[in-house]
2 protein chains.
Amino acid sequence: MGTTGEGEGNRIEAVVKALDILEALWQAEGAGVTELTERTGLAKSTVHAHLTTLRSKGYVVQDGDEYRLSLRLLSFGEHVKHAEPLYAASDAPIADLSERVGERVFCSTHQNGLGTVINVSEGTRSFTSDIDVGTHTYLHSSAGGKAMLAHLPEERVDEIIDQWGLPAFTDETITDREVLFDELATIRDEGVTYNRGEYLPGISAIGAPILGNDGTVFGAVTVAGPHHRLENEWEEHDLRTQLLSTANTIEVNMMFS
Amino acid sequence: MGTTGEGEGNRIEAVVKALDILEALWQAEGAGVTELTERTGLAKSTVHAHLTTLRSKGYVVQDGDEYRLSLRLLSFGEHVKHAEPLYAASDAPIADLSERVGERVFCSTHQNGLGTVINVSEGTRSFTSDIDVGTHTYLHSSAGGKAMLAHLPEERVDEIIDQWGLPAFTDETITDREVLFDELATIRDEGVTYNRGEYLPGISAIGAPILGNDGTVFGAVTVAGPHHRLENEWEEHDLRTQLLSTANTIEVNMMFS
DNA sequence: TAAAACTGTTCCGCTCTGCTGAACGTCGTT
DNA sequence: AACGACGTTCAGCAGAGCGGAACAGTTTTA
């Protein structure tokens with residue numbers, strides 16, 4: 001996932017460097033000073049000074065010659081999760097849906113033009129994947145993401161494309177602006193989106209938006225699974241109706257919070 | 001909870017300030033520039049510059065005149081949670097225990113001389129409390145914390161007391177070094193710890209350590225609930241045995257990870 | 001056994017940058 | 001219309017962050 005975001009002129013370099021180090025530490029799942037100098041391109045002494053600072057504030061722990069992210073970050077994560085109304089509102093509904101269909105169901109929202117998974121309910125037959133709570137996704141390449149894009153103002157969609165582009169993950173990924181806008185139009189008619197291997201080969205998904213009274217998008221619900229299995233489900237159990245029902249339940253929950 | 005940690009001489013001030021702002025933003029659950037200047041004691045323009053930096057890196061979002069922590073922090077939180085072997089190892093066992101006893105069960109670990117709750121399983125009769133995943137606790141005032149202290153080297157316990165002190169939360173909190181060490185000795189005999197309103201009035205808890213083969217402590221399991229209810233449970237269902245069994249299950253799980 | 005090649009850590013000086021206080025623009029209120 | 005609150009911008013000085021090199025360990029190599 002892209003690291004920068006925007007240019008935005010006057011940033012405090014020291015803070016940017018500290019955050020770069022945290023991100024590198026995250027990717028590396030723990031690393032030594034030298035490894036971090038390679039990953040960040042900073043001087044060894046600079047990395048060291050930052051690590052000392054981060055450790056003294058409790059965000060990093062030192063374990064012999066290895067530095068790792070500390071559990072301090074957990075409280076931030078839990079905080080933002082619970083601060084997001086969708087988290088509580090989606091908890092029961094997605095658990096219910098995943099139990100009925102047996103597949104993985106997740107609820108995501110958008111921020112800064114990217115999607116973030118904020119709640120996951122495993123199905124009994126869930127495949128293993130790298131999608132978990134906290135995962136960031138591009139909006140154009142996921143079912144839930146497209147469902148959200150379809151209900152954002154068109155100029156906002158343009159901004160997002162300008163900022164993040166339309167990178168391809170598989171041969172099926174939509175990379176053309178016009179094609180995307182066409183699909184968004186049909187989504188608004190049908191109420192749900194499909195994703196057929198546009199992000200991961202062989203993995204399909206169905207997504208529905210979660211809307212407020214005034215039409216603003218709060219997020220999306222997505223059911224994901226292996227391509228063939230989902231196609232069957234879709235016929236047998238009328239997945240579309242169940243998904244819309246779940247989304248609607250979440251919408252109602254959102255009104256009382 | 002204390003914010004600093006240690007003196008540690010040469011810290012990068014800009015980074016310290018950025019983290020202070022993040023922490024203030026966390027406490028305030030979103031705030032404007034002016035509120036943050038009051039909370040942090042920094043100049044308004046300084047706060048603004050930091051917020052711009054944090055926003056450009058995606059850690060903070062701006063919503064009109066209010067800044068909030070972004071969902072970006074969620075990926076960090078989930079990362080450290082899953083990087084901690086205790087998380088996966090405790091998931092099933094504590095769910096099982098909380099189902100049987102009906103009370104809230106949580107699993108915590110220690111880092112930097114503080115406890116952190118890394119997994120919670122709600123019981124059917126759980127009371128509402130501010131203890132949740134990510135919550136930091138002082139080790140001397142919680143059942144699980146004392147269970148962990150009891151199996152740390154004595155000099156390490158001294159260090160921790162020197163660093164964090166023995167602050168009192170209720171009249172029952174242990175504030176005397178000798179008393180604490182006496183209690184730690186009896187804990188090692190009995191295998192479990194009790195907490196009778198030492199952190200929250202009227203709330204009791206029972207904790208057991210999670211130990212490795214070589215005797216090192218990985219963490220602790222704790223059952224918490226209203227005082228009178230827990231006393232009954234304790235008699236009826238022999239909570240101590242069930243708790244030790246759960247702790248042991250987690251210890252076994254830890255060996256295969 | 002010695003030395004070479006790694007680590008993480010410290011030191012010091014230069015330059016650049018982060019900090020501040022004040023001024024600006026823009027809302028909502030009185 | 002004047003006021004007060006907010007977030008934002010500006011400019012200049014002092015201090016602090018940065019990097020290169022030297023230090024102190026530990027493991028690997030000859």
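If you're wondering where the values come from, they're calculated on a predicted model, not measured in any experiment. Side chains are part of it too, since the values below use all heavy atoms of this structure and drop only hydrogens, waters and symmetry mates. Just so we're on the same page: letters track the sequence lines, and every chain starts at 1.
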Any ion pair linking A:R68 and B:E84 (charged N to carboxylate O, less than 4.0 Å)? no

Are OP1 or OP2 of D:dC6 and a side-chain N or O of B:Y67 less than 4.0 angstrom apart? no

Once ring-ring contact (aromatic ring centres under 6.0 Å, His included) is applied, do any residues pair with B:H140, and if so which ones, sequence neighbours excluded? B:Y138

Which of the following nucleotides, C:dT20, D:dT8, C:dT7, is nearest to the side chain of A:D65? C:dT7

To the nearest Å, give me how far apart NE2 (B:H50) and C1' (C:dC19) are. 8 Å

When you check the gap from the basic side-chain N to the acidic O, do B:R39 and B:D20 get nearer than 4.0 Å? no

Whole-Å distance, B:R11 CZ to D:dC18 P, equals 15 Å

A:K44 NZ to D:dG20 C1': how many Å, rounded? 11 Å

Can a donor-acceptor pair be found, under 3.5 Å and without considering hydrogens, that links the side chain of B:N112 to the backbone of B:L114? no

Could you work out which one of C:dG8, C:dG18, D:dG7 sits closest to the side chain of B:V33? D:dG7

The side chain of A:T46 is closest to which nucleotide in this list: D:dC18, C:dT20, C:dT9? D:dC18

Rounded interatomic separation in angstrom, taking CG from B:L36 and C1' from D:dC6: 13 Å

Comparing A:S45 and A:A14 on DNA chain C - which has the more 5′ nearest nucleotide: A:S45

Please report, rounded to the nearest Å, how far the C1' atom of D:dA16 is from the CD atom of A:E13. 14 Å

Tell me: NE2 of A:H48 to C1' of D:dC18, nearest whole Å? 14 Å

Side chain to side chain contact (heavy atoms under 4.5 Å, CB included) with A:P93: which of A:N119, A:T249, A:V252? A:T249

Nearest-Å distance for atom pair CD1/C1', residues B:I12 and D:dG15: 14 Å

Tell me whether the OP1 or OP2 atom of C:dT7 has a side-chain N or O from A:Q62 closer than 4.0 Å. no

What integer distance in Å separates B:E66:CD from D:dG7:C1'? 13 Å

